[in-house]
Every structure is written in structure tokens, then in C-alpha cells.
Participant: 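Encoded as C-alpha cells, here's the structure I'll be asking about.
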Number of protein chains: 2
Amino acid sequence: MGEQRPGAENLLFLTDEQLRRGIEAMYFAYRGFTADPDRILEQHGYGRAHHRALHFINRTPGTTVNNLLGILGVTKQSLNRVLRSLIDDGLVQSRIGQKDKRERHLFLTDKGKTLERALSEVQGRRVRAAYRAAGPEAVAGFRQVLEAMMDPDQRRQFAFTDESGS
Amino acid sequence: MGEQRPGAENLLFLTDEQLRRGIEAMYFAYRGFTADPDRILEQHGYGRAHHRALHFINRTPGTTVNNLLGILGVTKQSLNRVLRSLIDDGLVQSRIGQKDKRERHLFLTDKGKTLERALSEVQGRRVRAAYRAAGPEAVAGFRQVLEAMMDPDQRRQFAFTDESGS
DNA sequence: TTGGAATGTCAACATGGCTGACATAAACTG
DNA sequence: CAGTTTATGTCAGCCATGTTGACATTCCAA
């Protein structure tokens, strides 16, 4: 991280124009990033909030509501509305904690796993295609900039969920 | 990174886990990306839709409503509500077209320019910091992946707005 | 002159953020 | 044990921003 390469750091003197281009690229790319899952979600009457919940429950099965609140950065009322519909529709199962019976541990049902897989499949397809088009070195740079762009709290969250030691 | 295989293309053999990490990085980074402008917008009773309008009007002064609709990808009713408030608040000026009097050409007023500058200043500061932390080569890769991630239509839009030949 | 394009406006609705208030149950603390 | 804190759920309402549908106006162009 941060090693100096002679003659290279001058590229970080960015004009206003270059900076604006970067901002627009982020905006347009994020639209593309969410476009495919959005189409599937729409067919089920769901939104991005449902996608995020499915994603992170799938990622850490048995996570608690409070845990999820921290990751998603929304209010419990907002999350509850989303979880309510997912539970009612049989995509998520909520189990009362054994150690602490106030807690609810969240799991995807088979139905939930099926939708989650469909969503991550189309989204992953686009990400893979972009990675392939840009090449391995570009991907490494992409990840570095994204990580540096996060809020420190989010970055810590992000680092914490990394179990592979990458 | 996990298991190393000979050759360079192995970096594009992504495990499910690596792909999910990339998706999460995009999600968290976008949150960071919008966090600073959001705080300013909130003080004015505006949202991201107002920011986007201000950004693109500033970028191409005199753009028409229809033009803006194409860039932003929303309905005219939705955009109109946003433009209405910006015009009423004296941040945007709408001038009837000379050649085609049905068209409205949009410009930022001094007041509008001031807010736009404040927004792009805080957002640019974060982007700059991320660029600096990641380094020039990472930035080049970042931009390549973002561009590859856009929808083809958006990418064409994006390429078209590039007047500097960057 | 007539059709259609560009724009604006009104109404209604949905999603998903938010706050505030309150209920419940369980865990913790003195 | 009593009181406090924590985790969760729920109700009600507000706001920003997306949607569709309907309709008026203006005016270019065939």
C-alpha cells in the first residue's frame, strides 16, 4: 500500500474535468451494477432492500437483526418491513436465539436461497464480464479504490467479514 | 489471495466468494461515495435526484429537459418535480429555445453554481483521497472496470459526454 | 391543416428511507 | 428481587423519488 513509484504520482494531479468524469463513471456503473437484479426483484414485488437482506443473510447465516442493522445502516423499522415480507413469503426463517432468547437468528429457506442465487448469478455475470474486459490488473486497482472510498466504519465492517484473508 | 495457479488468467478465475466480495465492495463504496453530498443536500431539503440534476446541468449548460431525461433515465414527471423545486428556489434557470420554442434549455444560476460546487467539492475530496490512497495504476484499473460495468447505452452516453479526449 | 413531438401539470400510487412512541421479553446489575 | 438496559417488533406518519395515466399547450413539419 502507498509505495512511491517515481514519476507516477503526478498522475494524481487531477483536473476538475477528470474528477467529474470519475464521479460520473461511478454513477453510471452503479446503475449497471444494479440493473440486472432489479429486473428479477421487480417480478417478485421486491426492491433493492430485499436484495441486500437476502445477500447478507446468505453470507452470514444465523446473523441477528441487530447485526444486520449495523451492516446495512438503516433503521430497525425500515429493515423490519423488509424482513417481515421475506419471512411472510417464506424466503427467510427467523429463529429465537438459544443463548439469548431476545435475539432472532436469520436464515434463508430453500426458496430464499433460490432467489438469492438467481440474483447473485445475474449480478455476478455482469461483474465477471467487466473483470474479463478490464483484465486482472485493472480488477486489483478497482478493488483498491473501492476500499479506499468507503467510510472508515464501513471499511472495518468490510474487513471484518473477510474470512478468506484476501 | 487464496489459491495461486500458474499464469495470469487465474486471477480471473473467481470463486463465488471473491465475486461476492467484489459485489459488497461496490455496495459499500457507493454508500461512501454519496455520503458527503447527502449531508449537504439534507440541509437544503434536497435529495440525490437534485444533485444529479445540478451535476449534469452544470456539466452541459443549456441542455434540454429531454436530453437530461436520457442521461438520468427517469420519467419526465419525476424529473419535472425535481427541476420545479430547483427553478422555484432560484438554482436553475429554464429558457425557452430559440430554434425550437418547445424546448427548455437549462442553466445554473449563481446560486445553483454555488451549491453544485459545494457538492462536487466534498465528493471530489473523497474520490481524490481514495485515488491517492490506491495509487495511479489502481485508478486506471478502477476506471476500466467501471466503464465495462455500465450498460452499453450508458457507456455510449458516457463516451459521448467526453469532450476532453481523456 | 393536421399529426405528432416536447413540455408541463395534476392525480394517484409504491418503495424504502426516516422519526417517534410504545410493548414485550429477556438479560444484566445492584 | 427490583430496576435498568437491550433486542426486537409494531403502529403511525412524513418525505424523497420513482412509477403510470390523463390531459393541455405549443409549435414544428409533412
Side-chain angles (χ1 to χ4, degrees), chain A residues 27 30-31 34-35 37-57 62-89 92-107, chain B residues 27 30-31 34-35 37-57 62-89 92-106 119:
Chain A
Y27 166 62
Y30 196 77
R31 278 225 314 233
T34 55
D38 281 355
R39 272 187 286 273
I40 294 176
L41 290 161
E42 200 188 356
Q43 296 166 6
H44 295 255
Y46 294 145
R48 282 183 203 169
H50 298 83
H51 185 187
R52 294 195 283 266
L54 289 173
H55 176 99
F56 285 106
I57 294 171
T63 187
T64 63
V65 173
N66 230 15
N67 210 319
L68 211 48
L69 283 179
I71 293 170
L72 297 176
V74 297
T75 59
K76 62 173 182 173
Q77 294 92 329
S78 207
L79 177 58
N80 189 256
R81 181 166 36 192
V82 167
L83 285 180
R84 187 77 270 135
S85 65
L86 291 174
I87 292 168
D88 289 349
D89 296 350
V92 167
Q93 199 196 355
S94 166
R95 295 185 208 151
I96 293 176
Q98 295 190 327
K99 195 180 135 197
D100 186 335
K101 291 177 188 167
R102 291 169 306 178
E103 293 182 341
R104 302 293 190 281
H105 297 278
L106 303 168
F107 300 87
Chain B
Y27 166 62
Y30 196 77
R31 278 226 314 234
T34 55
D38 281 355
R39 272 187 284 274
I40 293 177
L41 290 161
E42 200 187 359
Q43 296 166 5
H44 295 255
Y46 294 143
R48 284 183 202 169
H50 298 84
H51 185 186
R52 294 196 283 266
L54 289 174
H55 176 98
F56 285 107
I57 294 171
T63 187
T64 62
V65 173
N66 227 20
N67 210 319
L68 212 49
L69 284 178
I71 293 170
L72 297 176
V74 297
T75 59
K76 62 174 180 172
Q77 294 90 332
S78 204
L79 176 59
N80 189 256
R81 181 169 31 197
V82 168
L83 286 179
R84 188 75 270 138
S85 64
L86 291 175
I87 292 168
D88 288 350
D89 296 350
V92 167
Q93 199 196 355
S94 165
R95 294 186 208 149
I96 293 176
Q98 295 190 328
K99 196 180 135 196
D100 186 337
K101 292 177 188 167
R102 291 167 304 179
E103 294 181 342
R104 301 294 188 280
H105 298 277
L106 303 167
L119 293 169

Participant: For a quick check of understanding: with a heavy-atom distance under 4.0 Å over all strands, which category does A/His105 fall into, base, sugar-phosphate or nothing?
Facilitator: nothing

Participant: Can you work out whether A/Gly47 or B/Thr64 has the more 5'-proximal nearest nucleotide on DNA chain C?
Facilitator: B/Thr64

Participant: With a 4.0 Å cutoff (strictly under), does any side-chain N or O of A/Ser78 reach OP1 or OP2 of C/dG16?
Facilitator: no

Participant: Return the value, rounded to whole Å, for the distance between atom CG of A/Leu79 and atom P of C/dG16.
Facilitator: 12 Å

Participant: Can you name the residues that form a ring pair (Phe, Tyr, Trp, His ring centres under 6.0 Å) with B/His105, not counting sequence neighbours?
Facilitator: none

Participant: Just one of B/Leu83, B/Ile87, B/Thr64 clears the side chain to side chain contact (heavy atoms under 4.5 Å, CB included) bar with B/Ser94, so which one?
Facilitator: B/Ile87

Participant: Look at all strands and tell whether B/Gly45 reaches a base, only sugar-phosphate, or nothing, counting heavy atoms closer than 4.0 Å.
Facilitator: sugar-phosphate

Participant: Between P on D/dT17 and CD on B/Glu42, what's the gap in Å once rounded to a whole number?
Facilitator: 12 Å

Participant: A/Leu83 CG to D/dA7 P: how many Å, rounded?
Facilitator: 16 Å

Participant: Report, as a single string ordered 5' to 3', how protein heavy atoms within less than 4.0 Å touch nucleotides 21-30 of chain D: B base, S sugar-phosphate only, - not at all.
Facilitator: BB---BBS--

Participant: Side-chain N or O of B/Arg84 versus OP1/OP2 of C/dC10: is the shortest distance under 4.0 Å?
Facilitator: no

Participant: Rounded to whole Å, please give me the gap between CZ in A/Arg52 and P in C/dT15.
Facilitator: 15 Å

Participant: In this structure, how many angstroms lie between the P atom of D/dT5 and the CD atom of A/Glu103, rounded?
Facilitator: 19 Å

Participant: Looking at B/Asn66, does any N or O in its side chain come under 4.0 Å of the phosphate oxygens OP1/OP2 on C/dT7?
Facilitator: yes

Participant: For B/Asn67 and A/Tyr46, find the nucleotide of DNA chain C closest to each by heavy atoms; which residue's nucleotide sits nearer the 5' end?
Facilitator: B/Asn67

Participant: Roughly how many Å is it from CG in B/Leu86 to C1' in D/dA16, rounded to a whole number?
Facilitator: 13 Å

Participant: If you measure from OG1 on A/Thr63 to CD1 on A/Ile71, what distance do you get to the nearest 0.5 Å?
Facilitator: 5.0 Å

Participant: Is the phosphate of C/dT15 approached by A/His50 (side-chain N or O, under 4.0 Å from OP1 or OP2)?
Facilitator: no

Participant: Mark yes or no for a side-chain to base donor-acceptor pair under 3.5 Å between A/Arg81 and C/dG17, with no hydrogen or angle criteria applied.
Facilitator: yes

Participant: Side chains of B/Phe56 and B/Leu72, heavy atoms from C-beta outward: is any pair under 4.5 Å?
Facilitator: yes

Participant: Hey, are the side chains of A/Leu41 and A/Asp38 touching, using non-hydrogen atoms and a 4.5 Å cut-off?
Facilitator: yes

Participant: Just how far is it from atom CG of B/Leu54 to atom OH of B/Tyr46, taken to the nearest 0.5 Å?
Facilitator: 7.5 Å

Participant: For the residue pair A/His51 and A/His55, categorise the inter-ring angle as parallel (less than 30°), tilted (30 to 60°) or perpendicular (more than 60°).
Facilitator: perpendicular

Participant: To the nearest Å, how far apart are B/Leu69 CG and C/dG8 C1'?
Facilitator: 12 Å

Participant: Grab the CZ-C1' distance between B/Arg39 and C/dC18 for me, whole Å please.
Facilitator: 16 Å

